[in-house]
Each structure stands twice: as C-alpha cells, then as structure tokens.
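Structure, as structure tokens:
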Amino acid sequence: NVSDPLTGAETIDLGGGKSVKAIPVPGHTPGSYVFIYDGVLFSGDTAIFKQGRLDRGPAVIDSNSEQEKVSIASLKTQLGDTEIAAVCAGHGGCTPLGLGHTLLDDFFSRVGG
C-alpha cells in the first residue's frame with residue numbers, strides 16, 4: 001500500500017513482472033533508503049557522482065556519519081551479486097551505463113566496505 005511506511009529492506013511489486021527493491025541506509029538522514037529498479041541503483045545522498053567516481057558527500061551534512069559508514073558496508077552485503085548497470089546519485093547524476101558495478105566496488109573499497 002502506498003501509504004504504508006517502509007520497515008527495513010523490502011521488495012515492492014509494481015506489476016507486470018517489475019519490482020523495486022528498497023534498502024535502508026540510515027546515516028545521511030535516519031530514514032535514508034536506496035532503491036534498485038531494472039539494474040539501476042538510485043543512491044540518493046548516500047553517494048555522489050563526481051569526477052568519474054562515486055564518493056560520499058561531506059560528512060558535516062550527515063545526521064550520523066558513523067552510521068552512514070555502517071550502512072554503506074551493509075549495502076555491499078545486501079547487494080550481493082545483484083547486477084547494477086548504473087548508479088544514479090542525488091548529486092552529480094548517473095554513472096555511465098555498464099560501469100555501475102565497477103564504480104560501486106571502488107566506492108565500497110574506499111568508504112565503507
């Protein structure tokens with residue numbers, strides 16, 4: 001139901017064989033989530049895309065920077081072998097199609113995973 005709040009990781013059926021996976025990543029804000037749809041990870045402010053790579057935004061704007069680090073490490077585990085073709089960040093736009101997984105691996109190795 002559209003009015004039900006998310007409570008943890010959930011897969012939301014959109015019909016027609018399509019779904020959105022929602023994964024909590026508290027830290028930037030207490031209720032932050034990332035969403036995966038059709039091979040694209042929508043990271044919100046969990047990651048920014050700048051100068052050809054994914055990175056964290058400035059820690060001073062996080063509600064809990066240490067929690068965000070934990071959330072990023074957890075995100076790596078929760079994604080597992082999910083194929084991510086692109087990442088669309090809250091700032092900086094989207095990674096080139098086909099480079100999402102590679103750029104995420106680099107991101108995790110530097111900042112949280």
Side-chain angles (χ1 to χ4, degrees):
N1 188 339
V2 85
S3 63
D4 295 339
L6 295 171
T7 55
E10 295 188 32
T11 300
I12 302 139
D13 182 21
L14 302 176
K18 297 287 187 177
S19 64
V20 171
K21 185 170 185 177
I23 301 172
V25 287
H28 179 67
T29 62
S32 291
Y33 270 78
V34 299
F35 300 93
I36 303 167
Y37 175 75
D38 205 20
V40 178
L41 173 72
F42 296 89
S43 70
D45 289 336
T46 300
I48 62 172
F49 185 54
K50 183 177 178 182
Q51 298 177 337
R53 74 179 200 172
L54 294 167
D55 215 335
R56 286 187 58 197
V60 297
I61 62 171
D62 294 334
S63 66
N64 185 332
S65 191
E66 289 305 311
Q67 176 61 55
E68 185 166 14
K69 288 180 191 176
V70 171
S71 293
I72 291 169
S74 175
L75 177 60
K76 178 182 179 182
T77 301
Q78 291 184 72
L79 288 176
D81 62 358
T82 302
E83 185 55 43
I84 303 297
V87 177
C88 291
H91 299 276
C94 299
T95 66
L97 192 60
L99 291 180
H101 204 83
T102 300
L103 292 173
L104 269 175
D105 284 345
D106 174 65
F107 174 65
F108 291 140
S109 72
R110 287 181 292 103
V111 300

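- When all heavy atoms are compared, the tightest approach of Q78 to A9 is OE1-CB, 3.8 Å.
- When hydrophobic clusters are built by joining Ile, Leu, Val, Met, Phe, Trp and Tyr residues whose side-chain heavy atoms come closer than 4.5 Å, directly or via intermediates, V87 is not grouped with L97.
- Using a 4.5 Å heavy-atom cutoff, the side chains of L103 and I84 are not in contact.
- Summarising the geometry of S43 relative to A89, their closest heavy-atom pair is OG-CA, 3.3 Å, with the distance given to 0.1 Å.
- Cluster membership check: L41 does not share its hydrophobic cluster with V20, using side-chain heavy-atom separations under 4.5 Å among Ile, Leu, Val, Met, Phe, Trp and Tyr.
- A single hydrophobic cluster is not seen to contain both L6 and I36; linkage of ILVMFWY side chains at heavy-atom distances under 4.5 Å, directly or through other members, places them apart.
- Contact between Y33 and T7 at its shortest, heavy atoms only, is OH-N, 3.7 Å.
- Between V111 and L54 there is no side-chain heavy-atom pair separated by less than 4.5 Å.
- Atom NZ of residue K18 and atom CG of residue D13 lie 12.0 Å apart, to the nearest 0.5 angstrom.
- Taking CD1 of I23 as the reference point, atom OG1 of T82 lies at 7.0 Å (rounded to 0.5 Å).
- Once rounded to the nearest 0.5 Å, the distance linking CD of E10 with CZ of F35 reads 10.0 Å.
- Under the 4.5 Å side-chain heavy-atom criterion for ILVMFWY residues, no single connected hydrophobic cluster contains both V34 and I12.
- Between T95 and L104 there is no side-chain heavy-atom pair separated by less than 4.5 Å.
- The shortest distance between side-chain heavy atoms of L75 and F107 does not fall below 4.5 Å.
- Between I72 and F108, the shortest heavy-atom contact is O-CE2, 3.6 Å.
- For the residue pair F49 and C94, the shortest heavy atom distance occurs at CE2-O, 3.5 Å.
- Checked options S71, S32, S74; the residue passing with P26 is S71 (criterion: side chain to side chain contact (heavy atoms under 4.5 Å, CB included)).
- The minimum heavy-atom distance linking S19 with Y37 is given by the pair O-CD1, 3.4 Å.
- Residue pairs meeting the salt bridge (Lys or Arg N to Asp or Glu O under 4.0 Å) criterion with at least one member in residues 85-107, sequence neighbours excluded, are D106-R110.
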